[in-house]
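Working notes, beginning with the structure itself.
Small disclaimer: the values here were computed from a predicted structure and weren't measured.
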Amino acid sequence: MPDFVAPTVVGIDDWAWRRGQRCGTIICDLERNSVLDLLPDRNADSVARWLKRWPEIKVVARDRAGLYADGARCGAPDAVQVADRWHLLNSLGEALRHAVGRHRHNVAAAVQIMASVQRPKTGSSTLPPGLAQLRADRKAARRERWDEICRLREQGYPTSGIAQLLGVDRRTVQRWLAAGGEPEHSRPHRPSHLLAPFSAWLEARWASGCQGGQQLWRELQQQGYTGSRVTVARWAADRRAHADSGGAAQPHPTWKAPTRRRCAWYLSRDLDQIDADARLFLGHLFARAPELATTAELAKRFVSLLRGSDIAEFDEWIAQAANSELKSFANGIARDIDAVRAAKTTPQSGRRPDQQDQSHQTTNLWSGKLPAIASTRPSGCLSMTGQPTQPQSLKLHQMCGRTQSG
């Protein structure tokens, strides 16, 4: 491009052609907040070839993937590699969620204690026998699948082999193994949009005396309803509970059981930053799982180390975390310690010098989104040969935007 300037500080990350199946590599100019190129694959050799074309590059900010570290080492051996803070904190958040998942039974026990204290005095609804049995059957099926995953794992099957034998996605197997067990599904109640067009008809049939979920479902099918029988049974159970209470609104406890993500967020916060109910919940949780109390302290200390100035304290933190729920995360930090230390001494990626002191305010441990720079419209793009090829690069960039939203 006419105003093109050779990059000196670049950021490297992956992006999806098709999520979970095929990935490419995005390279950005972090000084000018623009996309430089979109490589068609996620490969260390491709990254190395691209970097070799620009010997002016002095800093390479990357995620913690080993292939990008190898590509930067081969393509820009004199450049400083930086493990960018977004990925460090995002990885910490993921490690905390896995820790909570491994203690999900203790979390459930703490939730039960909170629920027993705050349970409403009046009004209670129970699931119909059919729906309760369905949920019990599904829970038993998840338990059987988990037992099968454990058996195949002990026999030495890789994750991909287990997924193929069980007919599930590979990421499901990875997620269950990381959590140490099958998930506990707790779905919040939401009105079905499939039933909305038939609400008046349902109320009329209910008033006429037809109050069986099975019968209502059969008649709804003749009206054009395409949803499941369970959805209708759930509506009938809610309607029956509403009638049993005399039409009065069912009281709900003021405290809502936290999701795994929310629980992990609690662990990362100081006690004065969360409400009284959350502090009480953590007290019950830590009493049953003191390991999570240690994990919470380690997580908060890691964040303070990233913002602090004492680089030597990382070694002490790694030694302490090696015997905690953050062991896997700590091992990854130890393997990439030089790049992690560089994150403390190198200006924040994608920000001008006058924005450095505000960088900690915009970092989100729990966001599932990519860094904002990955969605910035490029002012100019380069091909693998280093020559301007704006139409093709813009086409790839637009594809990248579509796959992110999908």
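- Using modelled atom types, one finds no donor on one side chain facing an acceptor on the other under 3.5 Å when comparing Gln81 with Arg73.
- A salt bridge is absent between Arg102 and Glu291: the closest approach of a Lys/Arg side-chain nitrogen to an acidic carboxylate oxygen does not fall below 4.0 angstrom.
- Ring geometry for Phe329 versus Phe302: interplanar angle over 60°, hence perpendicular rather than tilted (30 to 60°).
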Check step by step if side-chain contact (heavy atoms from CB on, under 4.5 Å) holds for Ile274 and Trp265. CA-CA 10 Å; Ile274 58 179; Trp265 184 82; 3.9 Å; yes

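- Put simply, CH2 on Trp54 and CG on Asp37 are 10.0 Å apart, with the number rounded to the nearest 0.5 Å.
- Between the side chain of Asp270 and the main chain of Gln273, no donor-acceptor pair closer than 3.5 Å is present.
- Using a 4.0 Å cut-off between charged side-chain N and carboxylate O, Arg151 and Glu148 make a salt bridge.
- A donor and an acceptor atom, one from each side chain of Glu219 and Gln223, are nowhere located under 3.5 Å apart.
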What verdict does the side-chain contact (heavy atoms from CB on, under 4.5 Å) test give for Arg153 and Leu177, after you've listed the backbone C-alpha separation in whole Å, the side-chain angles of each residue and the deciding distance to 0.1 Å? CA-CA 9 Å; Arg153 190 71 168 179; Leu177 288 172; 4.0 Å; yes

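- Salt-bridge check for Arg301 with Glu316: passed, with a basic side-chain N closer than 4.0 Å to an acidic carboxylate O.
- Counting only distance, with no hydrogens or angles, the side chain of Thr25 and the backbone of Asp41 share a donor-acceptor pair below 3.5 Å.
- We find the CG-CG distance between Asp63 and Asp14 to be 6.0 Å, quoted to the nearest 0.5 Å.
- For the atom pair Ser160 OG and Asp169 CG, the distance stands at 11.5 Å (nearest 0.5 Å).
- Remark: Gln214 pairs with no residue by the side-chain hydrogen bond (donor to acceptor under 3.5 Å, both in side chains) rule, at least two apart or across chains.
- Interatomic distance, Arg218 CZ to Cys210 SG, rounded to the nearest 0.5 Å: 10.5 Å.
- The closest side-chain donor-acceptor pair between His87 and Asn90, if any, does not fall under 3.5 angstrom.
- His284 NE2 to Leu280 CG: the interatomic distance, rounded to the nearest 0.5 Å, is 4.0 Å.
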Hey, mind stepping through Leu51 and Val10 against side-chain contact (heavy atoms from CB on, under 4.5 Å) and telling me if it holds? CA-CA 9 Å; Leu51 293 174; Val10 299; 4.3 Å; yes

Assess the residue pair Leu96 and Leu326 against the criterion (side-chain contact (heavy atoms from CB on, under 4.5 Å)); give the C-alpha distance rounded to whole Å, side-chain angles, the decisive distance to 0.1 Å, and a yes or no. CA-CA 7 Å; Leu96 286 174; Leu326 298 179; 4.2 Å; yes

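- Remark: Phe286 CZ to Thr295 OG1 distance equals 8.5 Å, nearest 0.5 Å.
- Listed by chain and residue number, Asn43, Arg49 satisfy the side chain to side chain contact (heavy atoms under 4.5 Å, CB included) test with Asp45 (two or more places apart in sequence, or in another chain).
- Partners of Trp235 under the ring pair (Phe, Tyr, Trp, His ring centres under 6.0 Å) rule, at least two apart in sequence or in another chain, are Trp206.
- Between Thr8 and the choices Glu31, Glu56, Lys58, the side chain to side chain donor-acceptor pair (under 3.5 Å) rule is met once, by Glu31.
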